[in-house]
Every structure is written in C-alpha cells, then in structure tokens.
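One structure is given below, encoded as structure tokens.
Atoms within each ligand, like the ligands themselves, are counted from 1 in listed order. Values in this document were obtained by computation on a predicted structure and should not be read as measured data.
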Amino acid sequence: MNRVFSGVQPTGNIHLGNYLGALRQFVELQNDNDCFYCIVDEHAITVPQDPKELKKSILDVAALYLAIGLDPKKSTVFVQSQVPGHAELGWILNCVSVTGELYRMTQFKSKSKGQESVGTGLLTYPVLMAADILLYDTNIVPVGNDQKQHIELTRDLAIRVNHKYGEKTFVVPEGRFMKSAARVMALDDPTQKMSKSAQNVHSRISLLDDDNKIKKSIMKATTDSDGEVRYDVENKPGVSNLLSIMSALTDRPIEQLEKDYEGHGYGDFKKDLVAITIDALRPIKENFNEIRYSQDLIDALTAGAERANEISLATLKRVRDAFGMGI
Ligand code: AMP
Ligand code: TRP
C-alpha cells in the first residue's frame, strides 16, 4: 500500500481552490492508500497569528477535513504540533539544505516582497514541509500546482541525504496534481491564484460561505466583454477560471460546457454556476456543523496524533542512526 501525506495551513477558511486543487484528492485516495492528512500549525506561525484565531482555525480545518468525507477510520488526521518529530526532522534537514535554494522559492519571494523584516521561518518553511513528507516514508503528495517547487525541493533533499548517508534513509516522494482546477484563480482578478488571505472576500468562495455570499461572489466575478463562454486562459482568464470550476464541480469536460452555453450570455452561465456551487457546498456545511463541536473530532485528532507519533519515531530513529547522532 502506498503512503500518502498532505497538509493544509490553519490560516482562515478553506476555499474552493484548496478543495478542488487538493482536498478532493485526499478523499479519493483514502480507500486504496495509507493516508496521513495534517493540519500544519507550525507552518501557520511563519507569519504572525492571533493565538485565539489560530486555535479556532485548527479545529475548523480538522472539522472540514471530516466534513468533505475524510474518514478517521481510514485516514490518519492530526495536528502537526502534536507530533514533535516534524520539528526535529525539520532541524536535521535545515542542516542539509543550503540558503541559496531556499531564497529561490517563488512562494518565499512573493511572501517576503516589500516586507521590512522577514522571519527566518518563512525562509526555512519548505524544509519543514520536506520534513513533514519524509517523516512518514511518503510515496505520494496530493497538492495544488503552487506546491510543485516545494515538492521538487523535498525530492532533492531526500536524494541528497540518500547519496551521503545511505540509499535507504528516505523514500523519495512524488507530487500528485489534479488535471483540472489544480490552480483556481481569484474571482476578482483571474491573474492571481485564489487565496485565503486576499483582502477582497469576493475574490474567493470559502467552503462555509452562505448561499447569498456565494451568489454575490460569482455574479461579481470578473469576465470580459465579448460575451462568449469559451475556454481561453490567455485572452479570457476570468471565464476560463469559471469554466474550470464548473467542470471540476460537475465532472463534465470543458468542451462539453462550451457547447452547452453556445449562444448564451454570461448571465445564464453564472446563474448555473451559482446553483451548482451552492448544491456542492450544502452537504459539506451540514456535516461541518454536526462535527465541529463534537467529542468525535477531538477523539479523531488524538488517535491520529498517536499513530503519527508512532510512525514518525521509527523514521527519526533511522535518520539519527544514519547521521551518527545520539548514543
Ligand atoms: P494552503 O491554503 O496554502 O495551506 O493550501 C492547501 C492546499 O491547497 C495545497 O495543496 C495548495 O496547493 C492548494 N491550493 C491553495 N490555493 C489553491 C488554488 N488557488 N488553486 C488550487 N489549489 C490551491
Ligand atoms: N506548504 C503547503 C501549502 O502552503 C502546506 C503543507 C505543509 C504541505 N506541509 C505539507 C502540503 C506537506 C503537502 C505536504 O499549501
């Protein structure tokens, strides 16, 4: 059985980009793989967080994991800081990586741009991500396209260690990316990716948005003036983004959707997308409300951390031995 690992930062509400680009794959993979899904709070603190908000967000993401269909009996769901091995392996890998490769990461460049002072954690964040993955002898990492560079770094570090300390030290993982909606763009500006932190709430649809908000955000979404529902990312980025969202939510190919909307304006197309999105998110919201304040959620996270600890300790022992650390 293959081992799968992925993580989401508890930094605000999960949006349609997270769901279509990453989380949907999590559910798909849990039947045939040994899956570890983590809420990466140690990554979240690479930028300042309000402690109360962070705590709330951690449980929100955990509840959303279960609400979209992750089954704690099949998948190991846990919070990163409850497993100390992440920080320890992160340190060891810090000593294997070089600063030049970290300064080259595009996410670091964009997050540090224009900042007066930049936290060290923001620079070394991809090394912690590599530790998350390598700690579980992971084969497959389901993520959105924006994580490609971080997965490459993880592979580089694993191969580097294996060359120096023995080929069996780490399993070299592979990324898994969705064919459609691997990069969902912001509704108000389709040249930017949809993100949790953008100022304009109508730039994204969060999985917990109410029906009115969903309607408003989609009806306001930036399109263009030629009135044709056609996929053309370069010239029609807004409409193309909405088409890929619709295609991902309905499992219908984009060409089919283009045919369906031939001769229709953007109004009809957007109205249908509103209805489709509301229908898709309704069961998730219902499940979320049931799970969020339940003891079952805490029990699932406690059991998850226990299993994650057990597996990570075995990896750490192997790595410490390979490096000659300890007594
Ligand atoms: P984050 O919100 O940065 O913790 O991301 C969680 C997961 O969602 C990662 O696998 C990201 O690659 C993915 N993701 C984030 N934003 C988008 C987006 N706009 N489109 C597709 N996937 C995304
Ligand atoms: N860096 C990822 C993001 O911002 C989150 C993450 C942390 C992750 N550790 C991971 C994803 C390990 C996959 C595997 O989206």
Side-chain angles (χ1 to χ4, degrees), residues 3-26 29 35-47 49 54 57-58 60-62 64-65 68 78-81 83 85-87 89-90 93 102 105-108 110-111 121-122 124-136 138-155 157-158 173-198 203-207 237 241 244-245 248-249 308 312:
R3 182 70 54 75
V4 169
F5 184 97
S6 195
V8 172
Q9 297 195 52
T11 49
N13 278 326
I14 305 283
H15 53 67
L16 218 45
N18 298 132
Y19 180 57
L20 298 176
L23 289 156
R24 271 193 330 165
Q25 307 188 66
F26 296 5
L29 288 164
C35 296
F36 284 70
Y37 296 123
C38 188
I39 296 131
V40 291
D41 53 352
E42 288 169 0
H43 285 265
I45 62 164
T46 54
V47 293
Q49 300 291 341
L54 181 60
S57 249
I58 289 170
D60 283 351
V61 174
L64 270 171
Y65 268 177
I68 59 163
F78 68 104
V79 179
Q80 186 182 30
S81 63
V83 182
H86 290 255
L89 187 58
L93 292 176
L102 303 183
M105 294 288 129
T106 54
Q107 199 171 56
F108 172 74
S110 68
K111 283 199 176 180
L122 205 56
T124 58
Y125 157 120
V127 178
L128 182 60
M129 175 163 164
D132 299 340
I133 296 168
L134 300 178
L135 197 51
Y136 298 94
T138 303
N139 307 102
I140 302 167
V141 189
V143 276
N145 270 358
D146 62 340
Q147 298 301 315
K148 258 189 183 152
Q149 210 184 12
H150 294 161
I151 303 286
E152 269 318 302
L153 177 77
T154 303
R155 290 170 54 84
L157 292 176
E174 304 223 358
R176 183 182 193 266
F177 309 95
M178 293 298 271
K179 282 190 198 74
S180 70
R183 189 176 172 83
V184 175
M185 308 310 283
L187 299 178
D188 62 336
D189 176 3
T191 62
Q192 302 294 317
K193 72 171 180 176
M194 186 177 282
S195 93
K196 291 173 186 155
S197 55
S203 67
R204 61 184 163 263
I205 291 176
S206 296
L207 298 192
N241 188 40
S244 21
I245 292 174
L249 287 175
S312 64

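- The distance from ligand 1 to the heavy atoms of A22 drops below 4.0 Å at these ligand atoms: 7 (C), 8 (O), 10 (O).
- In terms of N/O distances under 3.5 Å, ligand 1 is not approached by G21.
- Heavy atoms of M194 found under 4.0 angstrom from ligand 1 belong to the backbone as well as the side chain.
- For atom 7 (C) of ligand 2, the closest heavy atom belonging to the protein is H43 NE2, 3.5 Å.
- Within the 4.0 Å heavy-atom shell around ligand 1 one finds H15.
- If you check which protein heavy atom lies closest to atom 5 (O) of ligand 1, you get N18 ND2, 3.4 Å.
- Of the candidates G144, A248, S197, G144 brings a heavy atom nearest to atom 13 (C) of ligand 1.
- From the protein, the heavy atom lying nearest to atom 5 (C) of ligand 2 is G7 O, 3.6 Å.
- At a heavy-atom distance under 4.0 Å, only side-chain atoms of K196, from C-beta outward, approach ligand 1.
- Once rounded to the nearest 0.5 Å, the distance linking CG of L187 with CD1 of I205 reads 5.0 Å.
- Taking every heavy atom of Q9 and a limit of under 4.0 angstrom, the matching atoms of ligand 1 come to 4 (O).
- Residue V184 approaches ligand 1 through these ligand atoms, each under 4.0 Å from one of its heavy atoms: 18 (C), 19 (N), 20 (N), 21 (C).
- For ligand 1, the atoms closer than 4.0 angstrom to any heavy atom of R183 are 20 (N), 21 (C).
- If you number the atoms of ligand 1 from 1 as listed, the ones under 4.0 Å from a heavy atom of Q147 come out as 12 (O).
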